[in-house]
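Quick notes on the structure that follows.
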Amino acid sequence: MSGLVELRTVLLLGVIVFFGARLVRTPQNRALWALMIVLVLHFSSDQLQDLAYAAAANEVEAGGLAKLIQNIVLAAKLGGIAAFFLLSTGGPDARRRARWEVLPFLAGTIGMTAAMFSTPAPLRDHSFTSADMQVPGIASFYLIAGAYFIYITAVGAGWAWAYARESDHRLGLGLRVAAFGLACMFIASVLRAGFAVVRAFGGSVPPGLNRIGMTLLIIAQPAVITGLILGAVLTVIARASVWWRQRRQWRQLRPLWAHLHAVFPDDALDHQHQLTDSQERWAVSQIRRRWWRRVVEIRDGLVQLSPYLHAAGWDDALPPDNQAAILRTATEWRQQGATVERADTVPVAAPPRDDLAADLEQLLTLSRALAEQPRTAETA
């Protein structure tokens, strides 16, 4: 169990660092601010509660402080989660609505604090299952907390589900898990508020119903945080996969790009950021921009060289090795200033279907053939 707790802590810290880095780059992102507050509160909630227990042990009047802080922190987390979903949809209306959501939170916090300290000090260290709900301060505490939790989990679940429909399948999956957790907490809050009313009027609640409420709460909070983390983790994995694939393709295209760059050096899109072989090996930033630039420069070079390629016998149906040999011949003619009959430029190495993946595969095949040809010639 301790191993799972440590793994959860490390994972949560990693997510906090990830979103913290994004927040440094985009400090104006209000949705990220809300999410960071939620994650930091979740990470530090145990420590805050321990401090409250220590204060209560040293002062009789501080009894119930841990219970109060626990509920205020939970209210802040739920409010932050709801604000994150709302702000993620964007727009001035969302920001205005998020600011108004501070009022219910403040009302709930003030109400819980007043209810707690209106309760006689010896009765403040209560728990929901054993508290005497006929004491006005105790009943008020749970009813005020329950009212806010019912409200914020209802609107939060709705906003999470709406945001999930607008997101990609990876982020959407995490958001749906979070919405499920909020829905469980909504049901549990409704049940517990009802139980508090019944007990305040002298009634009793069957233990089985209490267990249902507790089970829903046990499921709810981890589901909400897991949903937020899951969406982030899946998105990071997807981005890392795309980054790694583009970096690999970028390097695989280098033989073809270098060959054409030697013929058309002035056509480079960015002269200030050309990389050496050793620099390219460890390039880790802006890979997508460099990847696009390399593809565009290669395609532009092939189009400019196309009159010489066709004069040298280019055919899209030829094997890659033959195409690489023709490319070398056309390059030599172009560098020697040879005149060819066909002066118009036409696409070469064109994909059989009109999409980027097919075009890229054609260029990769030609680049690999060009890289392997010198070794093949030496072997022959």
Side-chain angles (χ1 to χ4, degrees), residues 34 37-38 41-42 44-46 48-53 55-56 61-83 100-159 178 181-201 203 205 209-225:
I37 290 171
V38 171
L41 282 174
H42 185 71
S44 59
S45 57
D46 291 341
L48 290 173
Q49 196 167 348
D50 289 342
L51 289 174
Y53 276 124
E61 292 299 319
L65 185 61
K67 185 75 175 179
L68 179 62
I69 288 180
Q70 179 187 22
N71 281 269
I72 291 176
V73 168
L74 178 57
K77 286 195 295 183
L78 292 173
I81 290 168
W100 277 107
E101 289 303 320
V102 175
L103 295 180
F105 169 74
L106 290 176
T109 299
I110 293 170
M112 285 187 287
T113 303
M116 177 61 73
F117 288 102
S118 68
T119 302
L123 301 178
R124 289 175 189 169
D125 283 326
H126 49 73
S127 64
F128 182 82
T129 54
S130 61
D132 183 359
M133 293 295 177
Q134 293 185 302
V135 176
I138 295 177
S140 298
F141 178 84
Y142 287 108
L143 287 174
I144 292 169
Y148 180 73
F149 294 155
I150 289 170
Y151 166 75
I152 200 65
T153 52
V155 297
W159 291 333
L182 288 169
C184 288
M185 193 173 293
F186 168 79
I187 297 171
S189 298
V190 170
L191 289 175
R192 285 163 69 92
F195 298 163
V197 171
V198 169
R199 289 165 57 188
F201 284 94
V205 177
L209 290 179
N210 269 322
R211 282 196 294 271
I212 291 174
M214 287 300 299
T215 301
L216 287 171
L217 286 178
I218 291 171
I219 294 171
Q221 286 201 56
V224 173
I225 298 299

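Starting from 1, each residue takes its place in the sequence as its number.
In this structure, L143 CG and I138 CD1 are separated by 12.0 Å, a value rounded to the nearest 0.5 Å. If you take CZ on F149 and CD1 on I144, they are separated by 11.5 Å, rounding to the nearest 0.5 Å. Here the CD1-CD1 distance, from I37 to I81, works out to 12.0 Å after rounding to the nearest 0.5 Å. Put simply, SG on C184 and CD1 on I218 are 12.0 Å apart, with the number rounded to the nearest 0.5 Å. The CH2 atom of W159 lies 11.0 Å from the CG atom of L182; values are rounded to the nearest 0.5 Å. Between the CZ atom of F186 and the CG atom of L216 there is a distance of 12.0 Å, given to the nearest 0.5 Å.
With a 4.5 Å cut-off on side-chain heavy atoms, I152 and E101 count as touching. Between V135 and L123, the closest side-chain pair of non-hydrogen atoms falls below 4.5 Å. A heavy-atom distance below 4.5 Å is found between the side chains of H126 and F141.
In terms of the side chain to side chain contact (heavy atoms under 4.5 Å, CB included) criterion, residue partners of L217 (sequence neighbours excluded) are, by chain and number, M185, A188, R192. Take A223 and apply the side chain to side chain contact (heavy atoms under 4.5 Å, CB included) test, not counting sequence neighbours, and it matches F180. For V205, the side chain to side chain contact (heavy atoms under 4.5 Å, CB included) test picks out F195, V198, R199, L209, N210, with sequence neighbours left out. Taking the side chain to side chain contact (heavy atoms under 4.5 Å, CB included) definition, one finds that A178 meets it with F85, sequence neighbours left out.
Annotation for S189 and G146: closest pair CB-O, 4.3 Å, computed over non-hydrogen atoms. Of all non-hydrogen atoms in A157 and A183, the two that sit nearest each other are CB-N, 4.3 Å.
At least one donor-acceptor pair under 3.5 Å links the side chain of Y142 to the backbone N or O of F128.
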Just list the side-chain donor-acceptor pairs under 3.5 Å for residues 72-79, sequence neighbours left out, or say none.
| residue | atom | partner | partner atom | Å |
| --- | --- | --- | --- | --- |
| K77 | NZ | H42 | ND1 | 3.1 |
| K77 | NZ | Q221 | OE1 | 3.4 |

Show which side-chain atoms of residues 111-122 pair as donor or acceptor with protein atoms under 3.5 Å away, not counting sequence neighbours.
| residue | atom | partner | partner atom | Å |
| --- | --- | --- | --- | --- |
| T113 | OG1 | T109 | O | 2.8 |
| S118 | OG | A114 | O | 3.2 |
| S118 | OG | A115 | O | 2.9 |
| T119 | OG1 | A115 | O | 2.9 |

